[in-house]
2 protein chains.
Amino acid sequence: MLTNRQLLVLQVIIDEFIQTAQPIGSRSIAKKEDVSFSSATIRNEMADLEEMGFIEKTHSSSGRVPSEKGYRFYVDHLLSPFRLSKSDLNIITDTFEKEMVEFEQVVQKSAQVLSNLTNYTSIILGPEVFETKLKQLQIISLSAHTAVAILVTNTGHVEHRSFSVPAKIRPSDLEKMVNILNERLVGVPIIQLHEKLSTEIALLLHSYMEDVDLAYQYLQSAFFDEQQVKLYVGGKTNILMQPEFKDIEKIRSLYSVIEQEDEIADLLRAATGGLKVSIGQENKIDAMQDCSLITATYSLGDNQLGTIALLGPTRMEYSRVISLLNVLSSRLTKTFHSWY
Amino acid sequence: MLTNRQLLVLQVIIDEFIQTAQPIGSRSIAKKEDVSFSSATIRNEMADLEEMGFIEKTHSSSGRVPSEKGYRFYVDHLLSPFRLSKSDLNIITDTFEKEMVEFEQVVQKSAQVLSNLTNYTSIILGPEVFETKLKQLQIISLSAHTAVAILVTNTGHVEHRSFSVPAKIRPSDLEKMVNILNERLVGVPIIQLHEKLSTEIALLLHSYMEDVDLAYQYLQSAFFDEQQVKLYVGGKTNILMQPEFKDIEKIRSLYSVIEQEDEIADLLRAATGGLKVSIGQENKIDAMQDCSLITATYSLGDNQLGTIALLGPTRMEYSRVISLLNVLSSRLTKTFHSWY
DNA sequence: GTTAGCACTCTTATCTAACGAGTGCTAAAT
DNA sequence: ATTTAGCACTCGTTAGATAAGAGTGCTAAC
């Protein structure tokens, strides 16, 4: 295992590198207040740390840089709880004190605050619809052959979709159908909607009217074709400020992953309770090999609602960022909780 | 005025530069098939063209590069109608042949197609709501003190907003209010809604019930606080592929303008009928000094619905891009027309 | 076990020289 | 009066060479 001195040296190297983005030399460590050994001693320790894989050289006579293993160790064992500044906390508090009653609004604001405070890119997934239930379903005819279907959940989320109405189906049929659907489906969790719709309700409708198949198909496609969960991204341009991304090719590939959305969404969806840090190659996505992704979840009761994440270079201010995420995710949880 | 030969030389220089992004020398022009003069003659013409401000040198002994004035002249007088390739046209046709019944869907797809075909960034504004009328207004109570208001237009556009209901207001009041509003407002153009709401309707409501002020205020804020018109941006990362944007600072400032949205939205909103090209400094926005913005509008009858634009470096494939925009804007116009 | 000292390595910055693309001008050719 | 060939000159780019500086690893002394 590592001696206390080695721990100290490793800590200083990583702390320093996170701030400066420059390789750290033995002399600059020796100058630190809480270090009382000579640079030579530190060089010896550094050689050991390198052998163990916690730090690396960029070339044969350069200072040391944390390796991914080093970051991993740092995150797992060396993180001192970070005291967020008052102004940071105030900014968060202010944001949540504004009257907000919509899921989306809260989530979007959170993403914004997070990226503003960190200079990284924030990505928020959610909220998932576990707990949400159908409040009302409506179909409004726009013209002879078009209509818009609107689905409202008890959380105030509104989903809508236009579709063209086949000539065979009369407006009265539509109305009848909606009535039946509402009768049967109001209060049903959204997540069960698809299943319910395709089994019992389909049969039920059938017995009430003809030609319902087609309309039903449309309805089905209206709400369940595309993924429901949205990704809120904040501070995309922050990445450009990080010195490790001066290479345009890197930026390009990273941006296209972010804009792709689905890969990232899968990643965030996979995140489970608590806070998780993925460093460099621990991320499966190619373009993120030089990045760290920190994810935290927020929930309502026992149900995980969504994920809140920060994407930055592996050289991240882990300590501060983790504190921020903790505060924000509990804040989200609290806010949503207060609504029900 | 310019002689025919000068026109030819200018044309070749700009065409070539647009393709290669490299300064063009006299020798390479002389080698062109449709040029039958020596490089010395061309050098003389180039000196004249430079004196007139159409081309520039990057340094004292470099080849020539188009100036903004040169691009302006090129766009105004030298553009040969570009024949779009069959595959380009097919891609557009295919896109519009897919069943789409929603404004937003069409616009978003268009932005996507446009950026895919061009390697520039597409920005689409709209559609404005001139012609659209209120189809239905609804307020659905979610809980004792929250509700969601939904506004549906005859175009299938759905706007919604959650708000908290003051304790003073009973659900039955809300219902009454909605009924009155629908009675009075259905069919009213969205654009007049704000005004109507604040004058006659406010009075009317007042006579029917007490405590309506508050509810009315909420309703008001629900739909008219934020700008209605949305910006659809496609191919943001395309900018990164242009050699003129290898400087990260430039990218940063350009991206922040794009993400700001409001400045760009104003710019696009100002665009009036037909196709317009803004080259370099003709753009008022600082970060766009090295860019060209090409805007085209689409409309429904006499009403301009929105703007469709392409953002790229001043060294743009004007000819091709203009043809594409023309096709797409008329396609949009046609599509929307077919819906009414 | 710790540290001072020193040779060695590698990066970075600066300078120089050579090369080449391209121009502008002059004088000859058409 | 144009057009063109020829040539000197300019400037950017590239490659090498040199020097400075930061930092290491090792050895020997403390």
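Residue numbers begin at 1 in each chain, while the letters A, B, ... track the order of the sequences.
Applying the side-chain hydrogen bond (donor to acceptor under 3.5 Å, both in side chains) test to A:Arg83 and every residue at least two apart in sequence or in another chain returns nothing. Remark: A:Asn326 pairs with A:Leu275, A:Ile322 by the side chain to side chain contact (heavy atoms under 4.5 Å, CB included) rule, at least two apart or across chains. With sequence neighbours left out, the ring pair (Phe, Tyr, Trp, His ring centres under 6.0 Å) criterion links B:Tyr318 to B:Tyr71. Take A:Lys250 and apply the side-chain hydrogen bond (donor to acceptor under 3.5 Å, both in side chains) test, not counting sequence neighbours, and it matches A:Asp290. In this structure B:Glu244 satisfies the side chain to side chain contact (heavy atoms under 4.5 Å, CB included) test together with B:Gln242, B:Pro313, B:Arg315, sequence neighbours excluded. Not counting sequence neighbours, B:Asn44 has no partner by the side chain to side chain contact (heavy atoms under 4.5 Å, CB included) test. A search for ring pair (Phe, Tyr, Trp, His ring centres under 6.0 Å) contacts involving A:Phe73 returns A:Phe54, A:His77, not counting sequence neighbours. When the side-chain hydrogen bond (donor to acceptor under 3.5 Å, both in side chains) test is applied to B:Ser62, the partners found at least two apart in sequence or on another chain are B:Thr58.
When atom types are taken as modelled, the side chain of A:Asn119 and the backbone of A:Met241 share no donor-acceptor pair closer than 3.5 angstrom.
Each salt bridge (Lys or Arg N to Asp or Glu O under 4.0 Å) pair with one or both residues in residues 9-21 of chain B, not counting sequence neighbours, appears once here: B:Glu16-B:Lys32.
Contacts between chain B and DNA chain D, taken as any atom within less than 4.0 angstrom of a protein heavy atom, begin and end at D:dT3 to D:dG12.
DNA chain D lies under 4.0 Å from at least one heavy atom of each of the following residues of residues 47-64 of chain B: B:His59, B:Ser60, B:Ser61. Near-neighbour residues of DNA chain D inside residues 10-38 of chain B, defined by a heavy atom below 4.0 Å, number-ordered: B:Phe37, B:Ser38.
Protein atom CD of A:Glu45 is 11 Å distant from nucleotide atom P of C:dT3, rounded to whole Å.
Each of B:Arg5 and B:Arg43 was assigned the nucleotide of DNA chain D with the nearest heavy atom; the assignment lying further toward the 5' end belongs to B:Arg5.
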